[in-house]
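Working notes, structure below.
Both counts, for ligands and for their atoms, begin at 1 and track the order of listing. Computed from a predicted model, the values in this text were never measured in an experiment.
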Amino acid sequence: MFVLRQCLTLGTKSSIRNFSATTNLVNLTINEDTGVAIMELNKPPVNSLNYELLEAMHRTLVKLENEKCPGMILTSSSRSTFSAGLDLLEMYKPTVDKARRFWSMLQNTWIKLYSTPYPTVAAINGHSPAGGCLLAMSCEHRIMVPDKMIGLNETQLGIVAPQWFQDCMRNIIGERQAEKALIAGRMFTSEEALKIGLVDELATDKEDLMQKAHDFLDEQMGLPPLARSVVKVGFRKDTLSKLINGREADIKMFLDNVFQPKVQESLENYIQMLKKK
Ligand SMILES: CCCCCCCCCC/C=C\CC(=O)SCCNC(=O)CCNC(=O)[C@H](O)C(C)(C)COP(=O)(O)OP(=O)(O)OC[C@H]1O[C@@H](n2cnc3c(N)ncnc32)[C@H](O)[C@@H]1OP(=O)(O)O
């Protein structure tokens, strides 16, 4: 039985089920029998990742870890889009402070999501470009509905996917496929993504998607949790350490680049194009 409760304070496992109460940017549902959490991104229309959404996600992930969550499904409340990636408005003519704060929260959120001891599955119920693809790739398993698009399309926007985005992709689809996909900024259909291993399964519809996500978690939750998490973090530690030990350099890379006139021009054109659609 799924129970969703509004609450204003952080409480015990059984008392809290939606703790972004002030903004509702993240809906958290916890199954009271199994403990499985469903984290639903809820920033209409397309879950673009601005500071506030990233912060709500980060808070949720900290909470789940503290509460010894046994497994989590990441999904979206939008019918068309899992996440449209980073909020372009956060990168378009920001102040230095705002840009730094934003990038630092992106790092925080990714580090938490990529390193969870508990199993995670992305139930990708819509398009998943750029930062949206990063979120999906940070989970352990990806299931996607048909006829949507996923990929790291940064090159096509005249920007560059940071090294840790690239590493995540390489870890999943291998060096050669990742190099080709990243240079081209290629977006894959759900079916193509399955073929190259960027997603693990396709689902027929949302119901099937959630069923398959629960099936994956049931299987994982049958494994000894400590051994499971040690192996997981072992596989991910090099990618994680690269960013954790190089956070300042990564922020500097972002700040140095995002203020370049050419990058601002690309962002401006792209935002205009999306608005005119
Ligand atoms: C050498 C240079 C080095 C540079 C280094 C700089 C480092 C930067 C690193 C950047 C890393 C990651 C980058 C990103 O994640 S950038 C974001 C990339 N995202 C995209 O390309 C997706 C764009 N969106 C879409 O393609 C579509 O919106 C969609 C997701 C397929 C959904 O389509 P839809 O038809 O359902 O919705 P649509 O009408 O297009 O959009 C609805 C409104 O939402 C606005 N919007 C869409 N995406 C974003 C976004 N990412 N940020 C902010 N706003 C977004 C869109 O403009 C519509 O707004 P409105 O209703 O018209 O006002």
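- For residues 131-159, every residue pair satisfying the ring pair (Phe, Tyr, Trp, His ring centres under 6.0 Å) rule, not counting sequence neighbours, is listed here: His141-Phe216.
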Result block: side-chain N/O donor-acceptor pairs under 3.5 angstrom for residues 267-277, not counting sequence neighbours:
from: Glu268; atom 1: OE1; to: Tyr92; atom 2: OH; distance (Å): 2.8
from: Asn269; atom 1: ND2; to: Glu265; atom 2: O; distance (Å): 3.4

Determine whether Glu201 and Leu209 satisfy the following criterion, side chain to side chain contact (heavy atoms under 4.5 Å, CB included), listing intermediate values before the conclusion. CA-CA 9 Å; Glu201 298 181 66; Leu209 181 70; over 6 Å; no
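- For the atom pair CD (Gln260) and CG (Leu255), the distance works out to 11.5 Å, reported to the nearest 0.5 Å.
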Chi angles and distances behind the side chain to side chain contact (heavy atoms under 4.5 Å, CB included) call for Ile111, Ile244: CA-CA 8 Å; Ile111 290 166; Ile244 292 168; 3.8 Å; yes
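- Listed by chain and number, residues touching ligand 1 at under 4.0 Å (heavy atoms only) are Pro45, Val46, Ser48, Ser80, Thr81, Ala84, Gly85, Leu86, Asp87, Leu88, Met91, Trp103, His127, Pro129, Ala130, Gly131, Asn153, Glu154, Leu157, Ile159, Val160, Pro162, Phe165, Phe254, Asn257, Val263, Tyr270, Leu274, Lys275, Lys277.
- Pairs passing the side chain to side chain donor-acceptor pair (under 3.5 Å) check and including a residue from residues 123-132, sequence neighbours excluded, read Thr75-Asn125.
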